[in-house]
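Chain naming here is simple, since letters A, B, ... match the order of the sequence lines and numbering starts at 1 in each.
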Amino acid sequence: RLRKWQRRIRVSNATERNLAFALSELDRMASALGLPRTVRETAAVVYRKAVDKNLIRGRSIEGVAAAALYAACRQCSVPRTLDEIGEVSRVSRKEIGRTYRFISRELSLKLMPTSPIDYVPRFCSGLNLKGEVQSRGVEILRQASEKELTSGRGPTGVAAAAIYIASILCGERRTQREVADVAGVTEVTIRNRYKELAEELDIEIIL
Amino acid sequence: MSDYNIKIENVVASTKLAEEFDLTKIEAEFEGAEYNKQKFPGLVYRVSDPKAAFLVFTSGKVVCTGAKNVDDVHTVIGNMAQKLNDIGIKTIENPEITVQNIVASADLQAVLNLNAIAIGLGLENIEYEPEQFPGLVYRIDDPKVVVLIFSSGKLVVTGGKSPENCEQGVEVVRQQLDSMGLL
DNA sequence: GCTTTAAAAAGTAAGAT
DNA sequence: ATCTTACTTTTGAAAGC
């Protein structure tokens with residue numbers, strides 16, 4: 001009986017220690033990515049649910065923490081790409097994606113694919129673009145979505161192209177290189193997307 | 001009318017041609033054969049008769065992949081057995097060949113809204129992460145196949161054991177999308 | 001889980017020209 | 001800027017780490 005009690009204490013200690021480690025990991029990654037407190041708390045909730053459902057078995061704490069943070073960013077509409085999460089995690093992008101799919105399914109998160117619109121605020125601030133440009137970009141994305149120009153395309157690439165166009169239309173031009181860098185895509189992708197958007201949405205780009 | 005341009009792109013099959021093989025000998029006799037035990041336990045051998053690739057193991061088991069149809073699988077495996085015999089290696093007479101997987105492509109001839117389809121089929125039944133891959137992944141239980149759905153209306157059906165499975169898979173998708181008014 | 005094979009879909013990426 | 005090559009996803013078997 002005393003043995004059993006001690007065992008419980010050990011398990012409890014291990015569980016608490018692991019949870020503490022996971023939460024510190026979430027905090028460390030969230031800080032590195034400059035994420036607000038609400039996202040960290042959401043990630044903590046997701047992580048705790050995963051623990052309660054024993055989803056950590058056979059998986060690393062760091063992997064589940066990274067996946068929880070990735071999921072939380074999406075739930076809070078301030079998405080980070082798997083590459084961005086991977087940059088502040090010891091776990092590879094592939095493993096984070098795999099773990100995300102698993103907990104997403106097991107916890108029935110039912111998240112819609114990331115919307116390009118959710119990337120606009122972050123990318124625009126990174127380019128020092130005003131709210132007017134953001135609004136323009138969002139409007140372009142709404143029209144793009146209606147004309148089926150976003151299905152199957154990378155959200156960051158489409159968002160980057162919309163911002164590139166918006167910056168020009170608002171007289172605050174940013175180069176493809178600048179936009180590509182903040183969005184984490186190549187200039188070629190921005191070029192391909194913006195050509196398609198300009199053509200299909202009948203937007204005249206002069207310069 | 002009932003087509004949708006279904007085309008088989010690849011057939012994977014397995015069989016057993018002998019009780020055991022000396023892969024080192026086969027590698028020496030078959031030009032182009034690759035065998036690096038520490039890299040992979042099987043010997044790799046490509047043929048262009050009907051085009052296909054073989055993975056030959058010491059156990060006598062063989063995997064054939066890359067064939068464009070089921071008949072070609074039987075043809076190339078028969079040719080393979082003959083080549084082994086020519087080299088002085090006896091093989092099992094009528095090997096039991098099992099088709100393990102068939103990959104097919106198809107075209108629904110319609111531009112699709114993958115977000116709408118994701119909701120229509122149910123987020124818990126699909127996987128769609130455009131950040132990672134442009135296709136929506138839909139797993140079907142009835143013919144047990146996996147269908148990759150693209151915004152262009154093109155499809156990839158894989159996991160089927162027969163051409164019928166692939167056709168059924170395409171039909172299931174067509175029907176479900178049609179019933180939801182997404183086609 | 002990984003290693004190796006083949007193949008399609010469409011997007012994105014990297015290095016070369 | 002454009003071309004080529006290549007990687008992302010899915011599937012299945014094989015023997016072994």
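- For DNA chain C, none of the residues of residues 15-36 of chain B falls under the heavy-atom distance limit of 4.0 Å.
- One interatomic measurement links the two molecules: NZ of B/Lys39 to P of D/dC17, which rounds to 18 Å at whole-angstrom precision.
- One N or O on the side chain of A/Ser89 and one on the backbone of A/Val91 form a donor-acceptor pair closer than 3.5 Å.
- Other residues, nucleotides and ligands place no more than 12 heavy atoms under 6.0 Å from the NZ atom of B/Lys7.
- Using a 4.0 Å cut-off, no side-chain N or O of A/Arg98 falls inside it from OP1 or OP2 of D/dT9.
- Put simply, the side chain of B/Asn36 never gets that close to the backbone of B/Lys39: no donor and acceptor are under 3.5 Å apart.
- B/Ile140 has its CD1 atom 14 Å from the C1' atom of D/dT11, to the nearest Å.
- Counting any heavy atom pair closer than 4.0 Å across all strands shown, A/Arg59 reaches no nucleic acid atom.
- Dense packing is recorded around CD of B/Glu124, with more than 12 heavy atoms of other residues, nucleotides or ligands lying under 6.0 Å away.
- Heavy-atom distances to DNA chain D give each of B/Val12 and A/Lys195 a nearest nucleotide, and the one nearer the 5′ end belongs to A/Lys195.
- A 6.0 Å sphere centred on CZ of A/Arg173 holds more than 12 heavy atoms belonging to other residues, nucleotides or ligands.
- Side chains of A/Ile61 and A/Asn18 form a contact here, defined as non-hydrogen atoms less than 4.5 Å apart.
- A donor-acceptor contact shorter than 3.5 Å links the side chain of A/Ser60 to the backbone of A/Gly63.
- Side-chain N/O atoms of B/Thr158 and base N/O atoms of D/dT10 include no donor-acceptor pair closer than 3.5 Å.
- For the segment residues 41-72 of chain B, the set of residues with a heavy atom within less than 4.0 Å of an atom of DNA chain C comprises B/Arg46, B/Lys51, B/Ala53, B/Leu55, B/Thr65, B/Gly66, B/Lys68, in numerical order.
- By the neighbour-count criterion of 12 heavy atoms within 6.0 Å, atom CZ of A/Arg80 is densely surrounded, having more than that number from other residues, nucleotides or ligands.
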| note | Going 5' to 3' through nucleotides 9-17 of chain C and flagging B where a protein heavy-atom sits under 4.0 Å of the base, S where only the sugar-phosphate is that close, and - otherwise, we get BBSSSS---
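- B/Lys144 comes within contact range of the sugar-phosphate backbone alone, with a heavy-atom separation under 4.0 Å but no base atom that close.
- Summarising the geometry, the separation between NZ on B/Lys37 and P on D/dA14 is reported as 18 Å, rounded to the nearest angstrom.
- A/Tyr70 and A/Tyr100 have perpendicular rings, their planes meeting at more than 60° on a 0 to 90° scale where under 30° would count as parallel.
- The environment of B/Asp141 atom CG is sparse: at most 12 non-hydrogen atoms of other residues, nucleotides or ligands sit within 6.0 angstrom.
- The nearest whole Å value for the distance from the CD atom in B/Gln100 to the P atom in D/dA13 is 5 Å.
- Checking the phosphate oxygens (OP1, OP2) of D/dT11, a side-chain nitrogen or oxygen of B/Arg139 falls inside 4.0 Å.
- Atoms CG (B/Asn5) and P (C/dA8) sit 15 Å apart, rounded to a whole Å.
- Between the side chain of A/Arg105 and the backbone N or O of A/Ile103, no donor-acceptor pair lies under 3.5 Å.
- Going from atom CG of A/Leu82 over to atom C1' of D/dT9 covers 14 Å, rounded to whole Å.
- Between B/Glu127 atom CD and D/dT8 atom P there is a gap of 16 Å when expressed in whole angstrom units.
- The environment of NZ in B/Lys68 is crowded: more than 12 heavy-atom neighbours from other residues, nucleotides or ligands sit within 6.0 Å.
- Rounded to whole Å, the distance from CZ on B/Phe40 to P on D/dA13 is 13 Å.
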